[in-house]
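We name chains A, B, ... by the order of the sequence lines, and we start the count at 1 in each one. All values below come from the heavy atoms of this structure, side chains included, with hydrogens, waters and symmetry mates left out.
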Amino acid sequence: MSTDSESASDDAAADESATENTLPGEYDPGAVEPKWQDRWVDEGTYEYDGDADVDSNLVYSIDTPPPTVSGSLHMGHLYAHTLQDFTARYHRMAREHTFFPFGYDDNGIASERLTEQELGIRHQDFTRREFQEKCREVCQDYEAEFTDEMQSLAMSIDWTNTYKTIEPRVQRISQLSFIDLYEQGREYRQRAPTIWCPDCETAISQVEQEDKDKHTKFNDIDFDLLETSDGAAADGATFTISTTRPELLPACVSVFVHPDDDENQHLVGGTAKVPIFGQEVPIIADERVDMETGSGIVMSCTFGDQTDIEWYQAHDLPLRIAIDESGTMTDLAGDYQGMSTEEAREAIIEDLDDVGALVESRDHDHTVQVHERCETEVEYLVTEQWYVEMLDRTDDYLEAGREMEWYPEKMFTRYQHWIEGLEWDWCISRQRDSGIPIPVWYCEDCGETIMAEKEDLPVDPLSDDPPVDACSECGGSDFRPEEDVFDTWATSSLTPLINAGWDWDAEAGEFTMEHPELYQFDLRPQGHDIISFWLFHTVVKCYEHTGEVPFENVMINGHVLDENREKMSSSRGNVVLPEEVMEKYPVDAIRFWSASASVGDDFPYKEGDLEAGERLLQKLWNASRLIDQLTPAADAVEEPDEDDLAAVDRWMLAELDDAVDSLTEQFEAYEFSKARNELRSFFWNSFCDDYLEIAKQRLSDGGDASTEYALVTAHRTFLKLFAPFLPHVTEELWQRLYTDEAEELDSVHTTDWPETRGYDADLEAGERAMEVIAALRRYKTDSGLPLNADLDTVQVYGGIAGFEDAVAEAMHVADLETLDEPPEVTTEVTGVDLDYSLVGPEYGSEVGDIDAAIEAGEFEEVDGKLQVAGVELDGEMYEIEESRTYSGEGEMIETENAVLIVG
RNA sequence: GGGUUCGUGGUCUAGUUGGUUAUGACGCGGCCUUUACAAGGCCGAGAUCGGUGGUUCAACUCCGCCCGAACCCA
């Protein structure tokens, strides 16, 4: 392959025969794909080119949830981002501007630990600012790697619009959000029951805990009964409770009995004495008691589980705090003070046994709640935390969810049920050392909350001074900085505001957006497993800040499963890595496979499906090669007058119009799998198998302006329609065939999406002609003839007006004749085909009789009406089925809409 | 345990308000060297639509129960 010197630049496109204007016989994705990936990035092909003055209807904006980049790319990333890329590429062509940004989430425990490991440091030895600086440095390599991987998957992301959740700009937005919500009265600080991880020593939210099966002891413990509902109990009267956590005995505040528990009903209203610790507690009835477990009598403590919290709230119980924030017993535990919960449990069981209060201690398996990050069993403590109020606005948030279009629609129910089940406000403070600081100080004298000034943000109260010298309430001058940081979701839920450049304008005294044209965002993609917190929290936050629902559309993606439809997980060892897949298959083939499932459905990773995509690439390449050979240079092809278009060419262009309409609708509705299937089968079956075979013959004896035009037009359109799915091969073909080798890249991905041209054609005649061709192909195959065998004469009945030559040429028929009348046949009525959609509603229960009569042959057609079973059916309700026998010369072939005689 | 979603040939999948012949792909079997493509073309086999009851003239489609899977929440 030689290239002449002037094009032998460092432009990789010149490596092959581009200058010779023919396509090589094989498509080589291994060389082509990286070439374009680099070029797109170098040329900034996907950079957002809108600004604040642009009509937001002309902008398609995507708010992408940022992945944790310190982890490695998995099939879920690949799939979810590929779906996003389909929408981005389609809309980039269909609209004026597309905004497809990227975010790196490095503001979490994962990157914190990574930084400590990589640098061999402890975050405690640095200020938060210093440590976060180091996190940013360490994460940079991981981000670069992630970026490379995303680029090698052909994500059409604008790499000049990225953010990191740890960067100062994002910290400022997080703190602005906090202050705005506080000023709106949507936040409060309260001492309240919190889910607490004693190992990490932080509050965690409901969603950060997970189930873990645990083997433990179930202990039956005797309580002294002091009073029953009828007054003082008999001396020495006891009852038994069962618990897995005897270390909570000092925290016991009451005993519960189920209202339906007849056997123990006499206890209700009475009083009991807790063994060893001696506090007297009331006995109360409540339906939340599980009668099946243990004795059916249960103690309630501060707090053993979430039911204890519910009881505390419902029955106004006192607090007895026996376990502190590090999981150590408090002074309330008396002799056990200072022990860990585990140690106290052992000791208390022993002592219970000594005083004769331990009835039995037996093996027991149950489920406990653990912190998802460290697997430590959680405690329920009373601590001071910041909350975002939510429970009072759940109706609004539900309505906000209704205002968005959900793809698929059914996923809205997950959002709805999550909201309907909400029981807690959102705890947003965390006791981590690192993270985005809560920008608050407290007056040492009166406890007044001092918020940072918006213009000072970001601040860190541990290093920065409060904005006032004296407390506005009491005039005090000593301030205590808030040590807590935000829950990462408090930041992750702000991505639309980060992307739109939300900020506080101190001069104007209002919040502004650098890019108001982006908001609300057209699309929010999200995995179906995290609708409840990520998407929900984002809707809540943005709604409260802007008064507007942040997204017009939500696209929920499913999960990639293994070939047996099981979830991929490292413990099962069935994880498929994107790198392995990318080594074996072209990215375009992987993308085509990604489009195979309906949006929202989980789907399995199957190698065979990737091969289908690979074959399509080759087919597209080969067809392009043929078209290139058949037609002159693209710019020499001109549109003929409408009247000069041959019927078959006009037919192709009209069919293409239909396909464009349909594909456009499907892309608009995020129906990628429908679009993919329809495009593939239209291209392969209608265009390649039918039309291209005809065109090949029509052009074999020299040029034909009509067919050349139709071929090139269809081909250009196909490249555009395939472009969102197969960005590399379409770009390669587009560049080779339809652009000058200009300085600047004129990418197929920045061309306009095809519009229908409004060609009018006899679609039915075309369809019949294709039927006839298919029938002749079948005839040749059945007769053992090669497909290019000559046929002497073929007669066709069934209008194929205008397509006679096309059929004859394509099928090598010497003499093709059309018939005005059906061939002479003897017919025999074999039955009646009813149109039940008409007959059913009309005759209802009589349909059975009608069917039976037809089955028995008891019917008669008179004057275009069918007399059967005592009723008379109109002509449109039925069709007489007949078998036809042809006794003339040649062989008769019937298709659905045509009859032909091959002779 | 509760909720949500789902269950269609060997595998994956279409099936829009119920209308009787259930779509396509992969795989499988057979045939065809045809001047873009054997990674192609043509033909064929293969499904009582998870099971079971019900509503209806008519159910893959609507309803009840059961079985199984995934996710979310306990």
Side-chain angles (χ1 to χ4, degrees), chain A residues 22-23 25-27 206-207 209-211 290 292 305-307 367 369 408-418 420-423 527-533 556 558-559 561 563-567 589 592-593 596-598 600-630 669 671 673-674 676-678 680-681 684-685 688-689 692-693 695-697 700 774-789 812 833-851:
Chain A
T22 58
L23 302 178
E26 284 254 335
Y27 173 56
Q206 244 176 323
V207 299
Q209 54 177 356
E210 60 185 21
D211 294 350
D290 178 6
E292 307 300 315
D305 57 24
Q306 292 202 33
T307 314
T367 308
Q369 298 295 313
E409 213 179 327
K410 65 188 178 192
M411 288 296 175
F412 171 70
T413 55
R414 296 201 183 188
Y415 178 93
Q416 179 179 10
H417 283 95
W418 171 258
E420 287 171 356
L422 269 187
E423 286 173 3
H528 66 56
D529 54 333
I530 43 179
I531 292 169
S532 49
F533 42 116
I556 303 298
H559 289 170
L561 310 173
E563 57 181 354
N564 300 317
R565 265 197 167 278
E566 283 180 28
K567 193 182 173 177
F592 192 68
W593 161 78
S596 64
S598 293
D601 285 358
D602 292 346
F603 75 123
Y605 171 77
K606 292 250 176 195
E607 290 221 355
D609 297 344
L610 287 152
E611 283 159 16
E614 213 174 358
R615 282 209 283 271
L616 175 64
L617 300 186
Q618 195 58 50
K619 184 79 176 179
L620 181 57
W621 187 263
N622 291 332
S624 302
R625 200 151 64 95
L626 177 60
I627 291 164
D628 186 38
Q629 287 164 9
L630 292 174
E671 293 175 331
S673 98
K674 281 187 188 173
R676 171 197 116 120
N677 293 338
E678 181 171 335
R680 181 195 179 278
S681 79
W684 200 303
N685 303 125
C688 291
D689 290 350
L692 204 42
E693 290 297 330
K696 191 161 72 177
Q697 298 304 326
S700 63
L776 289 174
R777 253 192 226 136
R778 219 172 296 138
Y779 169 80
K780 288 183 179 183
T781 302
D782 291 349
S783 315
L785 297 168
L787 281 178
N788 60 351
H812 301 271
D833 192 15
L834 293 178
D835 181 347
Y836 288 92
S837 66
L838 296 174
V839 178
E842 179 81 22
Y843 294 102
S845 56
E846 291 170 82
V847 172
D849 297 339
I850 296 172
D851 275 337

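Remark: Q416(A) pairs with E420(A) by the side chain to side chain donor-acceptor pair (under 3.5 Å) rule, at least two apart or across chains. Looking at residues two or more places apart in sequence or on another chain, you find no salt bridge (Lys or Arg N to Asp or Glu O under 4.0 Å) involving K780(A). With sequence neighbours excluded, no residue satisfies side chain to side chain donor-acceptor pair (under 3.5 Å) with E614(A). Not counting sequence neighbours, the partners of Y605(A) by the ring-ring contact (aromatic ring centres under 6.0 Å, His included) test are W593(A). By the side chain to side chain donor-acceptor pair (under 3.5 Å) test, N788(A) is found to be paired with no residue, residues two or more places apart in sequence or in another chain being considered. Take H559(A) and apply the side chain to side chain donor-acceptor pair (under 3.5 Å) test, not counting sequence neighbours, and it matches D529(A). Not a single ring-ring contact (aromatic ring centres under 6.0 Å, His included) links F592(A) to another residue, sequence neighbours left out. Not a single salt bridge (Lys or Arg N to Asp or Glu O under 4.0 Å) links K619(A) to another residue, sequence neighbours left out.
When each of C26(B), U35(B), A36(B) is scored by its nearest atom to the side-chain atoms of R680(A), the top-ranked nucleotide is C26(B). The side chain of W684(A) has G41(B) as its nearest neighbour among U4(B), G41(B), A36(B).
Within the 3.5 Å criterion, the main-chain N or O of S624(A) finds no donor-acceptor partner in the side chain of D628(A).
Taking NE2 from H812(A) and CG from L776(A), the interatomic distance works out to 11.5 Å, rounded to the nearest 0.5 Å.
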Distances under 3.5 Å between nitrogen or oxygen atoms of protein and nucleotides 42-45 of chain B:
unit_1 : atom_1 : unit_2  : atom_2 : d
C42(B) : O2'    : T781(A) : OG1    : 3.4
C43(B) : OP1    : R778(A) : NE     : 2.7

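Scanning RNA chain B for stems, defined as runs of 3 or more consecutive Watson-Crick or G-U wobble pairs whose donor-acceptor distances all fall under 3.5 Å, gives the following ranges: B:1-7 with B:67-73, B:10-12 with B:24-26, B:28-32 with B:40-44, B:50-54 with B:62-66.
Using a 4.0 Å cut-off on heavy atoms, the residues of residues 610-621 of chain A that approach RNA chain B are R615(A), K619(A), listed by number.
Looking at heavy-atom distances under 4.0 Å, E420(A) makes no contact with the nucleic acid at all.
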Go along nucleotides 5-20 of chain B 5' to 3' and tag each nucleotide: B for a protein heavy atom under 4.0 Å from its base, S when only backbone or sugar atoms are that close, - otherwise.
SS----SSSSS---BB

